Amino acid sequence: MFTISGLGKSYGAQTLFTDASIQFRRGARYGIVGANGSGKSTLLKIIAGEEEAGEGSVSIPKKARVGVLEQDHFQYENVPILDVVMMGNQELWQAMEDKEALLSKPPEEFDAELFGEYEDIILRNDGYSMEARAAEILEGLSIPGSIHREPLSVLSGGYKLRALLAQTLASEPDILLLDEPSNHLDILSIRWLEKFLDSFRGCAVIVSHDHRFLNNICTHIIDVDYQRVMLYTGNYNDFVKAKAASRERMESEIKKRRREIEEHKSNIERFKAKATKARQAQSKQKLVDKIVIEELPESSRRYPNFQFKARRPSGKVVVEVKDVSKSYGDNRVLENVCLTVQRGDRLAVIGPNGIGKSTLLKIIMGRVEADAGSSEWGYEAVPGYFAQDHGEVFGDERKSIEAWLWDRCPDKPIGFVRGHLARVLFGSEEVDKRLSALSGGEAARLVLASLSIEEPTVLVLDEPTNHLDLEGIEALVEGLRNYDGTIIFVSHDRWFVGRLATRILEIRADGMEDFPGTYDEYLAHCGDDHLDVDAVIRKARREKRS
């Protein structure tokens with residue numbers, strides 16, 4: 001399909017990777033993984049031609065159509081959503097536009113030859129079914145048909161990015177390049193995207209930090225680490241096992257070589273003491289000099305250490321929600337919600353975007369007022385809140401991270417604060433960094449460090465994995481599993497939910513389901529069909545007809 005040969009990329013003294021060579025095959029799906037800053041997205045941009053490689057080359061057939069997920073939706077603000085999607089196939093869209101312009105001219109100006117050329121392009125690209133395909137993709141990504149003719153500006157930021165994803169998918173590329181495509185998708189849409197990619201006939205290359213997504217779609221994993229780019233066959237779980245085994249083999253070989261050197265050196269010392277064996281000592285020394293031990297480079301992967309502890313046990317009932325309803329204008333997001341959370345629950349709140357999950361958490365936290373009903377904390381229930389928008393908890397973003405965290409524990413010495421910063425990967429050279437300069441992942445780690453200091457008896461977490469890399473997500477799961485308090489969290493990361501939840505609350509347009517069990521048990525209870533957007537759409541159409 002296409003190849004990369006001897007690719008290398010550096011920024012000043014920092015080397016991301018060198019000598020990367022991979023042959024990409026049609027029908028395969030490659031997941032690119034690695035720590036934040038390791039070069040995952042850079043590698044994808046080099047393949048897409050958006051960034052120059054320091055060395056090496058990318059060889060893509062001239063006739064191959066490359067689909068790249070755009071991030072700039074502002075250029076389409078006044079364009080109908082359906083048209084934005086159809087623009088993905090630029091040749092087809094231009095032919096359709098030119099054909100309409102030609103047909104609008106007076107009959108005497110009609111150019112039959114030009115019309116034939118446009119028709120040929122449209123037929124070659126299956127243009128007469130393009131609108132139906134575009135609409136199907138939009139519905140799969142939870143953008144309903146009722147607004148397809150509206151301008152893109154009517155959508156929120158996350159849904160605009162969904163429209164751009166739909167544009168990329170509708171372009172019918174031979175090579176599909178996606179950088180974090182699941183970031184702005186809910187569980188329904190992620191499941192639909194998995195099914196789309198599973199049937200995709202071209203070559204897909206995807207950067208993602210979603211464990212389950214990588215496990216469900218990938219035939220290969222590309223690991224960007226140790227300043228190298230390595231190809232592994234299989235999904236993410238297969239890769240983790242293979243990489244650990246490979247590293248173990250290399251470390252074992254180094255230990256073996258070091259033992260050989262030590263044995264030879266011991267023999268050399270003994271032989272040196274005897275004149276009759278001086279020649280043997282020289283021979284052994286030459287042998288030792290020939291043994292080369294190539295030190296393994298350090299991994300770019302770094303695991304934060306999230307530690308959470310409840311200051312004391314709470315009462316049996318942690319929070320009680322009674323008949324809560326909430327609307328934003330004409331949009332009713334919650335209606336008569338009743339919920340009792342018990343001590344020790346790890347409650348995952350799931351459902352499509354815009355259904356009211358975050359609103360429910362904000363009402364519980366007292367940050368949004370319900371239109372009706374009430375929410376009340378139980379005895380010794382002290383909540384710690386992780387907001388999707390970190391600005392909600394940061395306040396003055398001119399502060400340094402050290403100053404902000406110290407405000408959470410003013411009675412503690414500076415060493416205590418720096419120790420907590422070090423646990424979440426902020427070194428001594430970063431403590432003066434301003435809040436406004438933090439990346440999404442850095443901000444998330446800082447907020448989680450503050451929750452560690454606060455020692456709440458209840459953790460209320462709204463999409464805590466959104467900006468964390470794979471290592472951060474794994475570390476967070478470990479920290480939360482060891483936490484002795486109660487957890488209420490919203491997440492679209494199914495791996496995260498599956499590893500943590502002991503209770504599932506799914507909010508749907510037709511009501512709620514409160515299930516006492518793990519995520520896998522919930523799927524077994526209701527079937528994976530409820531995550532199938534096609535099935536949801538068919539059901540809605542049947543109900544509408546009836």
Side-chain angles (χ1 to χ4, degrees), residues 142 158 182 184-191 210 212 317-326 328 331-368 370 373-378 381 383-389 392 444 451 456 458-466 468 473 476-477 480-481 483 485-523 525-526 530-531:
S142 301
S182 65
H184 298 279
L185 303 182
D186 53 39
I187 285 178
L188 286 170
S189 301
I190 292 172
R191 187 73 184 103
D210 185 324
R212 193 156 182 155
V317 174
V318 172
V319 66
E320 194 158 14
V321 178
K322 294 181 180 178
D323 301 317
V324 161
S325 298
K326 180 66 181 176
Y328 292 103
N331 182 23
R332 187 83 154 177
V333 291
L334 296 171
E335 186 164 9
N336 297 327
V337 175
C338 293
L339 175 69
T340 301
V341 179
Q342 307 281 347
R343 181 180 62 233
D345 277 349
R346 293 175 181 168
L347 174 67
V349 183
I350 65 173
N353 286 353
I355 202 72
K357 305 185 300 295
S358 295
T359 300
L360 177 59
L361 261 57
K362 288 177 180 178
I363 289 172
I364 289 172
M365 289 300 302
R367 292 174 179 249
V368 166
S374 64
S375 173
E376 186 175 348
W377 290 106
Y385 183 49
F386 181 102
Q388 268 199 70
D389 180 4
E392 287 185 42
L451 292 177
V458 190
L459 286 171
V460 182
L461 312 174
D462 193 359
E463 298 285 10
T465 66
N466 263 4
L468 296 177
I473 294 170
L476 181 57
V477 164
L480 292 174
R481 284 168 70 93
Y483 174 59
T486 303
I487 306 171
I488 305 168
F489 67 102
V490 167
S491 181
H492 67 261
D493 186 320
R494 293 159 301 160
W495 183 86
F496 183 76
V497 174
R499 294 283 292 168
L500 190 61
T502 59
R503 180 179 170 189
I504 305 294
L505 178 69
E506 183 172 15
I507 303 178
R508 300 189 294 257
D510 59 351
M512 297 191 326
E513 179 155 6
D514 189 349
F515 179 81
T518 66
Y519 183 63
D520 286 339
E521 288 168 344
Y522 182 57
L523 287 184
H525 160 72
C526 60
H530 88 292
L531 295 180

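If you're wondering where the values come from, they're calculated on a predicted model, not measured in any experiment.
- Taken from OG in S325 to CD1 in I363, the straight-line distance is 8.5 Å, to the nearest 0.5 Å.
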Original post:
Does the pair T465 and W495 meet the rule for a side-chain contact (heavy atoms from CB on, under 4.5 Å), with working shown?
Top reply: CA-CA 11 Å; T465 66; W495 183 86; over 6 Å; no

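- The closest side-chain heavy-atom distance from I355 to D186 is not below 4.5 Å.
- Heavy atoms only, all atoms of each residue included: A348 and A501 are closest at CB-CB, 3.7 Å.
- In this structure the side chain of L361 never reaches within 4.5 angstrom of the side chain of R367, judged on heavy atoms.
- From R499, atom CZ reaches atom CG of D493 across 12.0 Å, with rounding to the nearest 0.5 Å.
- Using modelled atom types, one side-chain atom of W377 and one backbone atom of I364 make a donor-acceptor pair closer than 3.5 Å.
- Put simply, CD1 on I350 and CD1 on I507 are 9.5 Å apart, with the number rounded to the nearest 0.5 Å.
- Remark: side-chain polar atoms of K357 are paired, donor with acceptor, to backbone N or O of G351 under 3.5 angstrom.
- With a 4.5 Å cut-off on side-chain heavy atoms, E392 and F386 do not count as touching.
- Atoms OG1 and CZ, from T486 and R346 in turn, are 10.0 Å apart once rounded to the nearest 0.5 Å.
- For D514, the side chain to side chain donor-acceptor pair (under 3.5 Å) test picks out R503, with sequence neighbours left out.
- One N or O on the side chain of D345 and one on the backbone of Q342 form a donor-acceptor pair closer than 3.5 Å.
- In this pair, F496 and F489 present their aromatic rings perpendicular. The plane angle is above 60°, beyond the 30 to 60° band.
- Environment of CD in E376: sparse, with no more than 12 heavy atoms of neighbouring residues, nucleotides or ligands closer than 6.0 Å.
- Note that CD of E335 is 10.5 Å distant from CG of D323, once rounded to the nearest 0.5 Å.
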Run the side-chain contact (heavy atoms from CB on, under 4.5 Å) test on L505 and M512 for me, step by step, so that the C-alpha distance in whole Å, both residues' side-chain angles and the decisive distance to 0.1 Å come before the verdict.
CA-CA 7 Å; L505 178 69; M512 297 191 326; 3.9 Å; yes

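- A381 and P383 make their closest contact through O-CD, 3.5 Å (heavy atoms, listed as atom of the first residue, atom of the second, distance).
- Minimum interatomic distance between V324 and A370 (heavy atoms only, all atoms of both residues): CG1-CB, 4.0 Å.
- When side chains are defined from C-beta on, Y519 counts as touching R494, because their heavy atoms get closer than 4.5 Å.
- Looking only at distances, a side-chain donor or acceptor of T518 sits under 3.5 Å from a matching main-chain atom of E521.
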Notebook entry, point to check: How far apart are the C-alpha atoms of H492 and N466, what are their side-chain angles, what is the distance that settles it, and do they pass the side-chain contact (heavy atoms from CB on, under 4.5 Å) test?
Noted result: CA-CA 9 Å; H492 67 261; N466 263 4; 3.1 Å; yes

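- A salt bridge does not link D389 with K362: every distance from a Lys NZ or Arg NE/NH1/NH2 to an Asp or Glu carboxylate oxygen is 4.0 Å or more.
- Here the closest non-hydrogen pair linking V319 and S375 is CG2-OG, 3.8 Å.
- Taken to the nearest 0.5 Å, the CG atom of L476 stands 7.0 Å off from the CG atom of L461.
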